[in-house]
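Beneath this line is the structure, given in structure tokens, with notes to follow.
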Protein chains: 2
Amino acid sequence: MDIRSLCLGALMAGDASGYEIRKMFEEGVFSFFQMASLGSIYPALTKLSQEGLVTFTEQEQENRPDKKVYRLTPEGRRTFLRTLFQTRPGEDRYRSDILFLLSFAHELPVELCEALIDEYAARQEVMLDRITEADGQFNKDTDTNTDTDTKTDPDTSKSACQAGCDFIGGLGEAVCRATLDFISKNKKPFLAELRKRRSRQP
Amino acid sequence: MDIRSLCLGALMAGDASGYEIRKMFEEGVFSFFQMASLGSIYPALTKLSQEGLVTFTEQEQENRPDKKVYRLTPEGRRTFLRTLFQTRPGEDRYRSDILFLLSFAHELPVELCEALIDEYAARQEVMLDRITEADGQFNKDTDTNTDTDTKTDPDTSKSACQAGCDFIGGLGEAVCRATLDFISKNKKPFLAELRKRRSRQP
DNA sequence: TACAGCATGTAAGCAGTTACATGATTCT
DNA sequence: AGAATCATGTAACTGCTTACATGCTGTA
């Protein structure tokens with residue numbers, strides 16, 4: 001998925017600034033399985049608006065810098081939907097430095113291994129919080145899109161991403177819990193095993 | 001983790017050609033949490049050998065193209081270990097087109113949603129097989145490194161990556177199973193929910 | 001006959017990260 | 001006083017994917 005589709009997808013949930021879109025990928029629903037940095041979001045939004053797939057309104061804010069609030073155009077919506085249909089999804093990719101480091105546990109001090117496992121668990125915990133908190137975050141009104149033609153009817157708009165996001169949120173939750181469960185069950189035996197080996201071969 | 005460290009890590013398990021290293025990331029132990037393509041592996045190995053971190057021997061093969069079998073030098077080993085100690089692990093990143101597409105389930109035909117879920121499950125199944133098969137793949141003798149000074153003693157060598165890889169393999173297995181379990185429990189209700197909405201708002 | 005697997009390598013191109021640039025406000 | 005949050009944007013750089021180039025073997 002390229003960054004442009006990611007931005008369009010984010011805007012499907014409601015109007016947002018570049019900064020807010022990043023937050024969706026960093027803390028929100030999408031954080032579980034996609035990410036995007038500001039350095040890629042801003043150029044993408046610029047290009048998207050040049051192509052007429054999004055529009056933006058500059059919002060003055062008190063005590064805050066101005067905001068460019070982007071909104072999907074009907075064409076943007078159509079384009080995004082077409083993309084969804086046509087995309088044959090690429091392979092999932094999971095990258096984890098921690099797990100790579102832990103592959104070499106037998107070469108590392110046991111304390112470091114423990115720290116790595118704890119760090120891994122802590123991150124999973126954070127992810128779990130994000131996922132459970134994000135539940136229904138697509139339903140909070142974004143005050144700007146109550147009377148737009150980009151939105152169909154209020155009911156559809158309300159349930160925006162809901163069904164899909166619930167399912168995926170549930171999946172993410174299950175995965176995080178399984179991970180944390182595995183760690184709580186296997187951490188100690190694993191570290192004990194490492195110490196045993198260490199004492200055999202110093 | 002940059003590609004160079006990944007290659008060094010792969011070679012910790014025993015001598016290998018570039019082609020074989022890719023297989024480790026594509027089908028082997030590392031496939032769960034890292035990946036690397038040939039187009040990045042070959043240049044990395046070349047650079048690594050220029051820096052003296054690996055050596056290679058050209059092996060003629062019958063009915064097969066020649067092979068360059070790479071081996072860690074003591075310095076390569078030291079460098080890699082130092083990297084392990086010093087690296088403060090970057091954030092885990094999971095990217096999934098399928099899950100992104102499924103976030104918009106309410107905009108897609110139910111049949112497509114089902115196909116996406118099935119595809120997702122199938123991939124998890126493949127991953128599960130890889131992980132369980134990979135168990136102990138670090139222990140199969142690679143016939144070339146029985147009498148080298150890069151290896152410590154046979155016992156250590158035998159248990160190469162074992163402890164860490166067992167742990168991580170177990171984790172991967174748990175995660176895959178949790179995913180498949182979640183899907184088998186929630187797929188039907190989810191699709192039913194989608195159909196219900198669809199009939200309400202055609 | 002065509003495709004898949006084994007095997008290595010180069011190079012173009014792109015996508016995205018990181019760093020830089022700017023600046024106000026609020027919290028510690 | 002300094003860090004963090006909000007807010008936007010550009011540009012250099014990097015790292016990776018993809019495609020190209022080559023060629024043999026075994027299978028469908």
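Chain A is the first sequence line, chain B the second, and so forth, proteins listed ahead of strands; every chain is numbered from 1. Just the heavy atoms: all of them, side chains too, but no hydrogens, waters or symmetry mates, feed the values below.
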Next on the checklist: Check whether A:T87 reaches the backbone of A:T83 with its side chain - one donor and one acceptor, N or O, closer than 3.5 Å.
Outcome noted: yes
Checklist entry - Between B:F104 and B:F100, what is the ring plane arrangement, given parallel below 30°, perpendicular above 60°, and tilted in between? => result perpendicular
Item to check | Backbone of B:C165 reached by a side-chain donor or acceptor of A:S103 within 3.5 Å | outcome: no
Checklist entry - Contact class for B:S17 vs. all strands (heavy atom < 4.0 Å): base, sugar-phosphate, or nothing? => result sugar-phosphate
Next on the checklist: Among C:dG9, C:dG5, D:dT8, which nucleotide has an atom closest to any side-chain atom of A:K67?
Outcome noted: D:dT8
Checklist entry - Is the shortest side-chain N/O distance from B:Y19 to OP1 or OP2 of C:dT8 below 4.0 Å? => result no
Checklist entry - Rounded to the Å, how far apart are B:Y42 OH and D:dA21 P? => result 18 Å
Checklist entry - For the pair made of NZ in B:K47 and C1' in C:dG9, what is the distance, rounded to whole Å? => result 17 Å
Checklist entry - With sequence neighbours excluded, what pairs up with B:E26 under the side chain to side chain donor-acceptor pair (under 3.5 Å) test? => result none
Next on the checklist: From CD of A:E27 over to C1' of D:dT5, roughly how many Å is that when rounded to an integer?
Outcome noted: 11 Å
Next on the checklist: Could you tell me how far apart B:E58 (CD) and C:dT8 (P) are, to the nearest whole angstrom?
Outcome noted: 9 Å
Checklist entry - Can you pull the salt bridge (Lys or Arg N to Asp or Glu O under 4.0 Å) pairs that have at least one residue in residues 111-128 of chain A, sequence neighbours excluded? => result A:E114-A:K187, A:D118-A:K187, A:E119-A:R123, A:R123-B:D92
Item to check | Distance test, side-chain N/O of B:K23 to OP1/OP2 of C:dC6, below 4.0 Å | outcome: yes
Checklist entry - So does B:R22 pair up with B:E27, basic N to acidic O under 4.0 Å? => result no
Checklist entry - Does B:E20 or B:T46 map to a spot on DNA chain C nearer the 5' end, using the closest nucleotide for each? => result B:E20
For residues 175-182 of chain A, dump all side-chain donor-acceptor pairs below 3.5 Å to protein atoms at least two apart in sequence or in another chain.
unit_1: A:R177; atom_1: NE; unit_2: A:E173; atom_2: OE2; d: 3.4
unit_1: A:R177; atom_1: NH2; unit_2: A:E173; atom_2: OE2; d: 3.0
unit_1: A:T179; atom_1: OG1; unit_2: A:V175; atom_2: O; d: 2.9
unit_1: A:D181; atom_1: OD1; unit_2: A:K185; atom_2: NZ; d: 3.1
unit_1: A:D181; atom_1: OD2; unit_2: A:K185; atom_2: NZ; d: 2.9

Next on the checklist: Just the rounded figure in Å: distance from C1' of C:dT8 to CG of B:L45.
Outcome noted: 11 Å
Item to check | Note, A:L72 side chain near A:F80 side chain (heavy atom, < 4.5 Å) | outcome: no
Using atom names, set out every protein N or O paired with an N or O of nucleotides 15-20 of chain D below 3.5 Å, distance rounded to 0.1 Å.
unit_1: D:dT17; atom_1: OP2; unit_2: B:S37; atom_2: OG; d: 2.7

Next on the checklist: Need the bend value for the helix from C:dT1-D:dA28 to C:dT28-D:dA1: angle between end axes, 5 pairs each end, nearest 10°.
Outcome noted: 40°
Item to check | Distance, rounded to the nearest Å, where A:I41 contributes CD1 and D:dG9 contributes P | outcome: 12 Å
Checklist entry - For B:E20, what residues pass the salt bridge (charged side-chain N to carboxylate O under 4.0 Å, His left out) criterion, not counting sequence neighbours? => result B:K67
Checklist entry - Which part of the nucleic acid does B:Y70 contact within heavy-atom distance under 4.0 Å: base, sugar-phosphate only, or nothing? => result sugar-phosphate
Checklist entry - When the distance from CD1 of A:I21 to P of D:dA7 is rounded to whole Å, what number comes out? => result 13 Å
Checklist outcome for this item: Here the distance between atom C1' of D:dT5 and atom CD of A:E26, to the nearest Å, is 12 Å
